[in-house]
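All residue numbers refer to positions in the sequence shown, counting from 1.
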Amino acid sequence: MNSNRMVVAQRGVIPPPKHYADSAWFKYILSCCAATTAEMVTYPLDLAKTRLQIQGEKGLNGSSQRSPYRGLASTGVGIIREEGMLRLWQGVTPAVYRHLIYSGTRMVLYEKVRDRLFTTRADGTRPVWQAIVGGILVGGIAQFLASPADLIKVQMQMEGKRRLEGHAPRIHSAGEAFIKIYNAGGLRGLWKGCMPNVYRSAFVNLGDLTTYDSVKRYFVNTWALSDDYWTHALSSACSGLVSAVMGCPADVVKARIMNQPTDSKSRIQGSQKRGLLYRNSLDCLLKTVHNEGFWALYKGFIPCWLRMGPWSLTFWLTYEQIRNLSGTSAF
C-alpha cells in the first residue's frame, strides 16, 4: 500500500486492502461487474447504433435496404413502436457474455503491462506512446478472444429488422445462434468478422484505456486534482469521445461483415463459408466508401458517441468505486 492510500485508509474513507484485493483474478471479477453494469444501462444505444450502421448498404440484388430511421431518437422510438420496448435489449445476453471475456481480459492485461513495462517519470506520469501501444495490444487480444460472442450479439440485434422486412427469423436465442454459426462454418465460423472487430477494439482501447489512464494521471499529477469521483468522470468523458472517433469506421465495417449472408456451399470442402456481399474487411471498407461516400464510415457516429460516452462514464465510475470499496488500489 502506498503512503497516500494508507492515509486514506486510516481516515476511514476506504477499508484497508485484503490479501486478495490486488490479485489479478479479483480485479478480473470487478472489471466484469463494472462492464456488465455499463452494458445493461447503455445497451439500447448500441442496438440503435448497429441498426443505423447497417441500413443503407446494398443487398445481393444491388438495391439498398430500406432506411426508416434518420437518427438515434427516431431509431429508438421506431424499435419501441414496431417491435416493443423489450426489443431494445435484444442481444444483450451475448453482449454480457462478451464482456465477461473482453473487459476482464483487457483490464487485467493492461494493468499488468503498464505496471511492469511502462516507464514512470519522477512526476508520476508515463510516456503516452507506451500507453498507446499497451492499449492497442491488449484491446486486440481481448477482442480476438471475445469475438464469437460479439458475432452472436450483432446477428441477434438485426433479427427484429429482418422480421419487419418479411424475412424468416434466423435465430431465436444466443444458444441457437451459436449452434447455427458453428454448424455453418465450423470453429472458424465463430470468428467471422474477427479482424475488423480486432482492429476496432484496438482503436477503441486506444481511445478508452489510453485516454483514461493518461488523462487521469495528467489531472492528478499535473493539475493536482484528487483521485476522486469528479476526476474519474472528467477522464471518462474524454475517453468516450476519443473512443468514438477512433472506433466508428471499424465498427461500421465490423457490423456489416458480421451481418452479411454467406453462401450455402463453400468452394473448398470444409472451408469457412464466404460472405456474399464482401470478400474481406478491406473490400467492405472500399465498397462502403464507393457506394455511400466516406462519411458512411461514420454512420451512427452520434449514437456511437452517445453510447461510448455513457458506457465509459458508467464503467469507469463503477469500476473505480467498487475497487475503492473492495480495498483494491486505484486504477
Side-chain angles (χ1 to χ4, degrees), residues 5 8 13-15 17-18 20-47 89 91-115 131 134-135 138-139 141-143 145-146 149-150 153 200-201 204-217 219-220 226-244 247 304-331:
R5 184 174 176 81
V8 175
V13 178
I14 57 174
K18 304 175 179 62
Y20 58 81
D22 280 307
S23 62
W25 67 266
F26 190 69
K27 291 178 181 177
Y28 191 102
I29 293 175
L30 295 183
S31 63
C32 290
C33 292
T36 299
T37 301
E39 194 69 20
M40 294 299 295
V41 169
T42 64
Y43 186 80
L45 293 172
D46 186 52
L47 177 63
W89 280 269
V92 72
T93 301
V96 171
Y97 291 161
R98 169 184 179 265
H99 278 290
L100 296 180
I101 302 172
Y102 171 73
S103 289
T105 301
R106 74 173 183 129
M107 297 304 297
V108 172
L109 276 183
Y110 181 83
E111 205 164 351
K112 289 289 185 182
V113 170
R114 181 191 66 185
D115 295 342
V138 303
I141 293 173
Q143 184 54 57
L145 296 175
D150 213 19
K153 181 193 77 171
R200 169 193 175 274
S201 182
V204 167
N205 273 272
L206 170 60
D208 186 33
L209 274 174
T210 301
T211 301
Y212 182 86
D213 190 28
S214 301
V215 169
K216 176 187 167 184
R217 290 183 179 278
F219 287 154
V220 171
S226 300
D227 190 355
D228 58 12
Y229 179 92
W230 296 108
T231 301
H232 302 159
L234 186 57
S235 301
S236 64
C238 295
S239 68
L241 175 59
V242 177
S243 296
C304 186
W305 179 21
L306 293 177
R307 150 74 163 170
M308 288 186 176
W311 194 98
S312 182
L313 180 67
T314 305
F315 172 79
W316 286 111
L317 289 180
T318 304
Y319 189 49
E320 293 275 23
Q321 290 303 310
I322 61 177
R323 283 177 70 118
N324 183 32
L325 293 173
S326 302
T328 305
S329 56
F331 179 78

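Annotation for Tyr97: atom OH does not count as buried by contact number, only 12 or fewer foreign heavy atoms lying within 6.0 Å.
A side-chain N or O of Tyr110 and one of Asp213 form a donor-acceptor pair less than 3.5 Å apart.
In this structure, the side chains of Asp46 and Val92 stay at 4.5 Å or more apart for every pair of heavy atoms. Contact of the Trp230 side chain with the Leu234 side chain is not registered, since no non-hydrogen atoms from C-beta on lie closer than 4.5 Å. Side chains of Asp150 and Lys153 form a contact here, defined as non-hydrogen atoms less than 4.5 Å apart. Counting only heavy atoms from C-beta outward, the side chains of Met107 and Leu30 never approach each other to under 4.5 Å. In this structure, Ser243 and Thr211 have side chains that are not in contact, with every pair of non-hydrogen atoms separated by 4.5 Å or more.
Note: Arg106 CZ to Asp208 CG = 4.5 Å, rounded to the nearest 0.5 Å. Atom OG1 in Thr42 sits 10.0 Å away from atom CE in Met308 (nearest 0.5 Å). A distance of 4.0 Å separates CG in Leu313 from OG in Ser236, rounded to the nearest 0.5 Å. Here Phe331 contributes atom CZ and Lys27 contributes atom NZ; the two are 9.0 Å apart, rounded to the nearest 0.5 Å. Rounded to the nearest 0.5 Å, atoms CD1 (Ile29) and OG1 (Thr328) are 10.5 Å apart. One distance of note links CD of Gln321 with OH of Tyr229; it measures 8.0 Å at 0.5 Å rounding.
One N or O on the side chain of Ser201 and one on the backbone of Gly139 form a donor-acceptor pair closer than 3.5 Å. Between the side chain of Trp89 and the main chain of Tyr43, no donor-acceptor pair closer than 3.5 Å is present. Side chain of Ser326 to backbone of Arg323: no donor-acceptor contact under 3.5 angstrom is found.
With sequence neighbours left out, Asp227 forms a salt bridge (Lys or Arg N to Asp or Glu O under 4.0 Å) with Lys216. In this structure Thr105 satisfies the side chain to side chain contact (heavy atoms under 4.5 Å, CB included) test together with Tyr28, Ile101, Leu109, Ala142, Leu145, sequence neighbours excluded. Scanning for side chain to side chain contact (heavy atoms under 4.5 Å, CB included) contacts around Ala34 gives Phe315, Thr318, Tyr319, Ile322, with sequence neighbours left out.
Counting all heavy atoms, side chain and backbone alike, Ala146 lies closest to Tyr102 at CB-CB, 3.7 Å. Residues Ser214 and Ala131 come closest through the heavy atom pair OG-CB, 3.8 Å. Residues Asp22 and Ser329 approach most closely at OD1-OG, 2.8 Å, considering heavy atoms. For Val108 against Ala24, the heavy-atom pair with the smallest separation is CG2-O, 3.7 Å.
Ring geometry for Tyr212 against Trp316 counts as parallel: the plane angle stays under 30°, on a 0 to 90° scale with 60° as the upper cut.
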